[in-house]
There are 2 protein chains.
Amino acid sequence: MPELSLSRRSGGGRSPTSRDIARELDVSQSTVSRALNGGSVAEATRARVIEAAARRGYVVNAAARELVTKKSGLVGVVVADITNPFYPELVEAIGARLAEAGKTMLLATIGVTDDEVARVRLLLEHRVDGIIFTSTQVDSTAIPRLASDDFPLVLVNREVDGVEADAIVGDNVAGATAAAEYLLGLGHRRIALITGDARTSTSRDREAAFVRSLEGAGVRLAHRVEAGFDQRAAFSAALELLGGTRPPTAVMCVNDLIAFGVLNAARRLGIDVPGGLSVVGFDDIPMASWDAIGLTTVRQPISRMAEEAVAVLERRVADDGSEFERHLLPCELVVRSTTGVPGTTKGKV
Amino acid sequence: MPELSLSRRSGGGRSPTSRDIARELDVSQSTVSRALNGGSVAEATRARVIEAAARRGYVVNAAARELVTKKSGLVGVVVADITNPFYPELVEAIGARLAEAGKTMLLATIGVTDDEVARVRLLLEHRVDGIIFTSTQVDSTAIPRLASDDFPLVLVNREVDGVEADAIVGDNVAGATAAAEYLLGLGHRRIALITGDARTSTSRDREAAFVRSLEGAGVRLAHRVEAGFDQRAAFSAALELLGGTRPPTAVMCVNDLIAFGVLNAARRLGIDVPGGLSVVGFDDIPMASWDAIGLTTVRQPISRMAEEAVAVLERRVADDGSEFERHLLPCELVVRSTTGVPGTTKGKV
DNA sequence: CTGTTAGCGCCTTCAC
DNA sequence: GTGAAGGCGCTAACAG
């Protein structure tokens with residue numbers, strides 16, 4: 001049964017329409033439509049329609065359907081930093097949930113050099129039922145406009161300045177606090193923080209909570225470096241930091257990719273981890289748990305994020321007026337082998 | 001200028017149509033259409049239309065346009081293994097090229113448990129102009145059907161059994177051969193190969209070429225392990241392989257993720273790399289070049305792949321009848337620090 | 001240059 | 001249970 005077939009020449013032409021199959025069966029086009037969509041039709045008729053549709057490779061035209069129903073079944077998903085393995089995971093999970101909900105994901109990757117507004121506009125042209133934004137900067141220009149128009153959107157793992165919208169976020173505060181307390185408990189006092197892009201709510205929130213937590217214990221941050229969100233930038237920043245005078249005994253990183261950069265720098269400098277340096281990340285991307293890495297990090301509940309994002313969006317699409325939901329998902333500190341008591345050089349090298 | 005605005009209640013209702021703005025300006029709807037699409041219109045009129053459209057937040061309805069033009073501007077991109085960092089890179093690159101070409105990417109991630117046919121069908125419902133398949137298995141069921149219907153599709157980094165279609169592939173044969181010769185030249189004679197999923201053309205081709213190359217030098221493969229495509233499976237497979245009797249002095253891996261698994265296993269087992277074991281990967285994903293890893297691997301030209309995939313697809317969409325194109329892109333061996341002369345234990349530990 | 005006229009493929013009343 | 005008719009928003013001739 002060729003359920004797939006958008007022949008261009010086979011079968012003599014364009015892909016068949018519901019009218020085509022109606023003609024063949026000598027029924028009306030609306031009967032075909034009903035038969036295929038679960039309307040009330042005699043079972044015998046329905047069977048014939050379904051058979052013919054399958055045989056001819058009929059596939060409904062989403063555009064035509066949308067024109068009348070005003071629902072595209074499309075959901076826009078916006079990702080900025082797809083280079084960070086956290087996002088593919090998240091996108092994958094969102095796509096899966098969306099598919100379960102019978103929706104299709106229209107993905108827009110918006111790099112730093114891309115025109116955010118233009119990309120979002122494309123999504124809008126396709127009349128996406130809503131948009132899920134991940135990894136967006138706090139100063140996004142498209143989001144506030146959309147929000148002020150009551151367009152259904154949900155922010156995942158991000159918040160945007162001055163925007164009221166549904167949001168699904170990991171508990172960055174609790175996560176960063178746990179990391180700080182853990183480091184403090186280990187005895188670290190000379191602690192550095194490497195942040196990512198400051199225009200990002202995750203980086204900001206994690207930093208604030210971390211710093212606050214240290215200060216609560218009377219410890220001041222020894223160093224603060226802003227390194228962007230990728231491994232490369234973090235690597236060179238860490239090289240400088242760790243090679244300087246009075247280097248820290250522990251480094252907190254605002255995400256795992258940055259932590260890897262620090263680990264690489266330590267390796268290059270011959271610094272033993274965790275004997276000479278403890279490193280903590282954030283996200284718990286797959287690599288973090290690899291044997292040769294074993295990064296201590298704060299785990300974000302990716303699949304729950306995806307699940308809730310889709311659920312909330314569906315609710316928002318269905319009901320315009322309800323209160324905005326803000327879901328704070330628990331993050332958990334996962335202790336592995338990049339952290340230890342300062343000054344020990346048992347090391348694992 | 002609110003170029004973005006699909007208000008649901010602001011402005012009192014649904015998003016404006018071209019007819020709405022025509023009424024406001026007291027011109028015909030077709031004039032609006034022409035003004036916005038570069039048709040021949042008096043400059044003064046065009047200016048007024050553009051102003052009004054921007055002010056009202058008009059966004060064309062892609063579905064309506066598609067219905068008449070029969071072009072959706074959508075291109076389907078299918079990815080199976082988005083967990084392998086190679087694919088996000090590729091997808092990102094493809095998305096960027098597509099955007100340049102004025103097209104939008106409709107991404108379908110098809111996991112092992114997903115119904116491939118159903119997912120592709122969704123793409124078809126949205127009348128994608130064509131589909132770019134990456135990381136598909138040789139026994140795909142959807143692809144042959146599509147191909148036999150002359151549906152525009154291009155295979156990237158994969159080929160499918162018995163299917164005639166445009167394809168963009170790295171030169172797996174040359175790459176694997178270069179790796180084999182390099183290892184042989186270093187003096188390795190007890191060499192293992194870890195493959196991924198056998199149903200995948202890349203794995204198959206790389207294996208065949210590697211083995212042939214060894215045999216050309218009178219060397220038989222010491223071990224052959226099939227481990228699936230992810231780090232985890234490779235890790236346990238490598239643990240067994242390296243812990244066994246007469247372990248190899250070198251391991252060729254069919255992709256980088258597998259190589260990382262081997263590296264992790266070696267680390268766990270206390271085997272020095274490259275002193276006690278040489279490891280070679282394939283793909284050259286970003287992590288491979290990280291300082292602490294320094295994986296010797298065969299580089300695939302990701303951005304060229306993306307570029308050509310989009311170019312070929314465009315050609316195919318425009319012209320049905322032309323010969324299928326098959327582009328073989330050069331792959332280059334990148335020597336880093338996981339390979340060396342066997343038996344040395346200078347190591348880098 | 002600009003307005004009028006046809007649909008594109010489908011869903012949805014409304015009659016029968 | 002089924003058919004006829006209308007129209008979603010837009011582009012593309014075709015006249016003026």
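First the proteins, then the strands, lettered A, B, ... as listed; each starts at 1.
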- Query: Among all residues two or more places apart in sequence or in another chain, which pass the side-chain hydrogen bond (donor to acceptor under 3.5 Å, both in side chains) test with B:S18?
  - Reply: B:Q29
- Item | Sugar-phosphate, base or nothing in reach of B:S18, heavy atoms under 4.0 Å | sugar-phosphate
- Are A:K71 and C:dC11 close enough that a side-chain N or O sits under 4.0 Å from OP1 or OP2? no
- Item | side chain to side chain donor-acceptor pair (under 3.5 Å) pairs, two or more places apart, involving residues 61-71 of chain A | A:N37-A:R65
- Query: Along DNA chain D, 5' to 3', what are the outermost nucleotides having an atom less than 4.0 Å from a heavy atom of chain B?
  - Reply: D:dG9 to D:dA13
- Ordered by number, residues from residues 22-34 of chain A within less than 4.0 Å of DNA chain D (heavy atoms) are A:V27, A:S28, A:S30, A:T31, A:R34
- Query: How far does the helix from C:dC1-D:dG16 to C:dC16-D:dG1 bend, going by the axes of its first and last five pairs, to the nearest 10°?
  - Reply: 40°
- In plain terms, say whether A:E325 and A:R316 are close enough for a salt bridge, that is, a side-chain N and a carboxylate O under 4.0 Å apart. no
- Salt bridge flag under 4.0 Å for residues A:K103 and A:D129: yes
- Would you give the length of the straight line joining atom CD1 of A:I21 to atom OG of A:S33, rounded to the nearest 0.5 angstrom? 10.5 Å
- Query: Rounded to whole angstroms, how far apart are CG on A:L67 and P on C:dC10?
  - Reply: 12 Å
- Note on the structure: Contacts of A:A62 and B:R46 projected onto DNA chain C by closest heavy atom; the upstream (5') one is B:R46
Show me, pair by pair, the donor-acceptor contacts under 3.5 angstrom made by side chains of residues 93-101 of chain A, not counting sequence neighbours?
from	atom 1	to	atom 2	distance (Å)
A:R97	NH1	A:E100	OE2	3.0

